[in-house]
Amino acid sequence: REGVTYSYITSALFNARYFDNGFLFDVAGSSVFPENKDLPTIINFLNSIISRHFLRIQNPTINVQIGDIQNLPFLRENLQFKTLTIEEIFNDCLNLSRNDWDSLETSWDFTTLPLLEDTYLGSTLQGTYQSLRSHWNEMTLEMQRLEEENNRVFIEAYGLEGELTPEVPLEEITLTCNPRYRYRGDKSDEELEALLLADTMKEFISYAVGCMFGRYSLDKPGLILANQGETYDDYVNLVPNSSFPAVKHNAIPILDGDWFADDIVAQFRRFLRVTFGEANFETNLRFIEEALGKDVRTYFLRDFYNDHVRRYKKRPIYWMFSSPDGSFNVLIYMHRYTADTVSIVRSEYLREHMSKL
């Protein structure tokens, strides 16, 4: 059944999350199963400053017991709305959160990178990013407005205007596109913007690698090859006229120089030309490298795989064959692994690289 879940242990602010039907739960993510008509009101109440106020009185620890939730004095009446109903606040907050989460490639419902959506796509990467960044800022401010309206409704219903205020600082707007929440700490606006830009460029590079292996495609949304044993022929059947075809043999070298014409830097340069055109290629490449603070070859050689492992929570979908000193590396895609993959790495790249050396 659909319901509301919350974390049993939290050192941050208490918050509740909606989940759809078809999911299980346990004590670490205890759940509430209200009647359908009550679900928006209950989840909005649990996410209001009122419930946090009462929880601190009952149990000022990092553990939230089931009894603590049961004991909250929940009012269905006296809720006075100015512009939006409780259902509209709930649905708007849910949609903003869902759109934010689904922009990450680790989301089950990820379809394409926001940078490449027609709404924001321009001739230059910098202009596209600025358009997307403006949209993210609007999302963050809209979520803040909705949360403050939700707080106001419940503060007035409980008659606590003299005790509590509805304001929500930007640091508490839990969207990944909000740098004040995402990075926290005592950072300046310039530092936050630099971090968000760098991470967005890393996400662009990660998506490009996904397109290189056929996990994604510029011509079709969502996952393309993501089942064990799928081949290049499967990719061609799913995306017959790809503007950026996947590599055929599921192996991409990452080296310290232009040893191979099809290495990962060459593939990425081709991806950038296909997505943003030839005319502004050098400008776009420079924009990426300035955001990263290094050239793309150095990033691929030193940082990409570590970022990938972190992105997938130590369960990487790309695997790296590396020499002990790290001077020779070949990346493969887990779902396209076959009995021939290692021999392809050895014969196509390792032996060839050794002979060139």
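- Taking the ring centre of Phe14 as origin, the terminal cationic atom of Arg52 falls outside the region bounded by 6.0 Å and 45° from the ring axis.
- Using a 4.5 Å heavy-atom cutoff, the side chains of Leu331 and Tyr305 are in contact.
- Atoms CD and CD, on Glu167 and Gln144 in that order, are 9.0 Å from each other to the nearest 0.5 Å.
- If you check the side chains of Asn47 and Tyr18, you find no donor sitting under 3.5 Å from an acceptor.
- Asp234 and Thr231 share a side-chain donor-acceptor pair at under 3.5 Å.
- Remark: the Asp109 side chain and the Ser107 side chain contain no N/O donor-acceptor pair separated by less than 3.5 Å.
- You'll find the side chain of Gln58 reaches within 4.5 Å of the side chain of Asp68, heavy atoms only.
- Other residues, nucleotides and ligands contribute over 12 non-hydrogen atoms within 6.0 Å of the CZ atom of Arg270.
- No single ILVMFWY cluster, assembled from side-chain heavy atoms under 4.5 Å apart, contains both Tyr181 and Tyr183.
- In this structure, Phe23 and Phe19 have perpendicular ring planes: the angle between them is above 60°, well past the 30° mark.
- In terms of modelled atom types and a separation under 3.5 Å, the side chain of Asn150 and the main chain of Leu146 share no donor-acceptor contact.
- Using a 30° and 60° split on the angle between ring planes, Tyr216 and Tyr207 fall in the parallel class, below 30°.
- Of all the heavy atoms in Tyr6 and Ile66, the pair that sits closest is OH-CA, 3.7 Å.
- Checking each of Val330, Val309, Ile332, Asn329 against Met320 for a side chain to side chain contact (heavy atoms under 4.5 Å, CB included) leaves exactly one that passes, namely Asn329.
- Taking the centre of each ring, Phe25 and Phe33 come in below the 6.0 Å mark.
- Note: Tyr312 and His308 have tilted aromatic rings, judged against thresholds of 30 and 60 degrees for the angle between ring planes.
- Atom CG of Leu24 has 12 or fewer heavy atoms from other residues, nucleotides or ligands within 6.0 Å.
- Considering only heavy atoms from C-beta on, Pro166 stays 4.5 Å or farther from Ile49 through its side chain.
- The hydrophobic clustering, which links ILVMFWY residues whose side-chain heavy atoms are closer than 4.5 Å, places Trp101 and Phe110 apart.
- The shortest non-hydrogen separation linking Asn151 to Ser48 is OD1-CA, 3.4 Å.
- For Arg133, the side chain to side chain donor-acceptor pair (under 3.5 Å) criterion is met by Glu193, not counting sequence neighbours.
- Thr341 contributes a side-chain N or O that, together with a main-chain N or O of Thr338, makes up a donor-acceptor pair within less than 3.5 Å.
- Counting only heavy atoms from C-beta outward, the side chains of Arg269 and Phe281 approach each other to under 4.5 Å.
- Enclosure of atom NZ in Lys248 is not indicated, since only 12 or fewer non-hydrogen atoms of other residues, nucleotides or ligands lie within 6.0 angstrom.
- Judged by distance alone, the side chains of Tyr235 and Ser242 do bring a donor and an acceptor atom under 3.5 Å apart.
- Following chains of ILVMFWY side-chain contacts shorter than 4.5 Å, one can reach Leu72 starting from Leu79, so the two form part of one hydrophobic cluster.
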Next on the checklist: Apply side-chain contact (heavy atoms from CB on, under 4.5 Å) to residues Phe328 and Tyr349 and explain how you reach the verdict.
Outcome noted: CA-CA 9 Å; Phe328 174 83; Tyr349 295 110; 4.0 Å; yes
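- There is a side-chain donor-acceptor pair under 3.5 Å between Ser327 and Asp325.
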* To do: Take Ser103 and Glu203, measure what side-chain contact (heavy atoms from CB on, under 4.5 Å) needs, and give me the verdict at the end.
  => CA-CA 10 Å; Ser103 70; Glu203 289 163 5; over 6 Å; no
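- For the atom pair Leu255 CG and Leu301 CG, the distance stands at 8.0 Å (nearest 0.5 Å).
- Asp295 and Thr298 form a side-chain donor-acceptor contact under 3.5 Å, judged by distance and modelled atom types alone.
- Taking both residues in full, the closest heavy atoms of Phe276 and Leu115 are given as CZ-O, 4.3 Å, listed atom of the first, atom of the second, then distance.
- Panel note: side chain Ser97, backbone Leu94; no donor-acceptor pair is recorded below 3.5 Å.
- The hydrophobic clustering, which links ILVMFWY residues whose side-chain heavy atoms are closer than 4.5 Å, places Leu116 and Val209 together.
- For Asp219 (side chain) and Val239 (main-chain N/O), no donor-acceptor pair under 3.5 Å exists by modelled atom type.
- A donor-acceptor pair under 3.5 Å links the side-chain atoms of Asn250 to the main chain of Tyr333, judged by distance alone.
- Atom CD of Glu163 sits in a sparse spot, with 12 or fewer heavy atoms from other residues, nucleotides or ligands closer than 6.0 Å.
- Taking the ring centre of Phe260 as origin, the terminal cationic atom of Lys356 falls inside the region bounded by 6.0 Å and 45° from the ring axis.
- A distance of 11.0 Å separates OG1 of Thr140 from CZ of Arg180, quoted to the nearest 0.5 Å.
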Salt bridge (Lys or Arg N to Asp or Glu O under 4.0 Å) for Glu156 and Arg152? Distances and angles first, verdict last. CA-CA 6 Å; Glu156 292 180 359; Arg152 183 198 62 78; 2.8 Å; yes
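- Counted within 6.0 Å of CG on Asn241, heavy atoms from surrounding residues, nucleotides or ligands total 12 or fewer; the atom is thus considered open.
- Annotation: side chain of Phe213 is not in contact with side chain of Leu225 (no heavy-atom distance under 4.5 Å).
- In this structure, CD on Gln267 lies 11.0 Å from CD1 on Ile254, to the nearest 0.5 angstrom.
- Neither side chain, Asn280 nor Thr124, offers a donor N or O lying under 3.5 Å from an acceptor on the other.
- Leu104 and Trp108 fall into different hydrophobic clusters, defined by Ile, Leu, Val, Met, Phe, Trp and Tyr side-chain heavy atoms under 4.5 Å apart, directly or through other members.
- Counting all heavy atoms, side chain and backbone alike, Ser206 lies closest to Glu105 at OG-OE1, 2.8 Å.
- The OG1 atom of Thr5 sits 8.5 Å away from atom CG of Asp26, with the distance rounded to the nearest 0.5 Å.
- The two residues Met139 and Leu96 make their nearest non-hydrogen contact at CE-O, 3.7 Å.
- Inter-residue side-chain proximity for Leu272 and Leu285 is flagged as met; some heavy-atom pair is nearer than 4.5 Å.
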Item checked: Derivation and outcome, side-chain contact (heavy atoms from CB on, under 4.5 Å), residues Leu196 and Trp136 -> CA-CA 11 Å; Leu196 185 62; Trp136 284 344; 4.0 Å; yes
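- The side-chain heavy atoms of Phe268 and Met212, taken from C-beta on, include a pair separated by under 4.5 Å.
- Using a 4.0 Å cut-off between charged nitrogen and carboxylate oxygen, Glu148 and Arg145 do not count as a salt-bridge pair.
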Exercise. Passes side-chain contact (heavy atoms from CB on, under 4.5 Å), Phe204 versus Thr275? Steps please.
Worked result: CA-CA 11 Å; Phe204 178 69; Thr275 51; 4.0 Å; yes
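- Nearest heavy-atom pair, Val168 versus Glu147, reported as atom, atom and distance to 0.1 Å: CG1-OE1, 3.8 Å.
- Within 6.0 Å of CG in Leu170 there are more than 12 heavy atoms belonging to other residues, nucleotides or ligands.
- Side-chain atoms of Phe45 and Ile86, non-hydrogen and from C-beta on, never get closer than 4.5 Å to each other.
- Here Tyr158 and Phe54 bring their ring centres to under 6.0 angstrom of each other.
- Rounding to the nearest 0.5 angstrom, the gap separating the CD1 atom in Ile69 from the OG atom in Ser51 is 7.5 Å.
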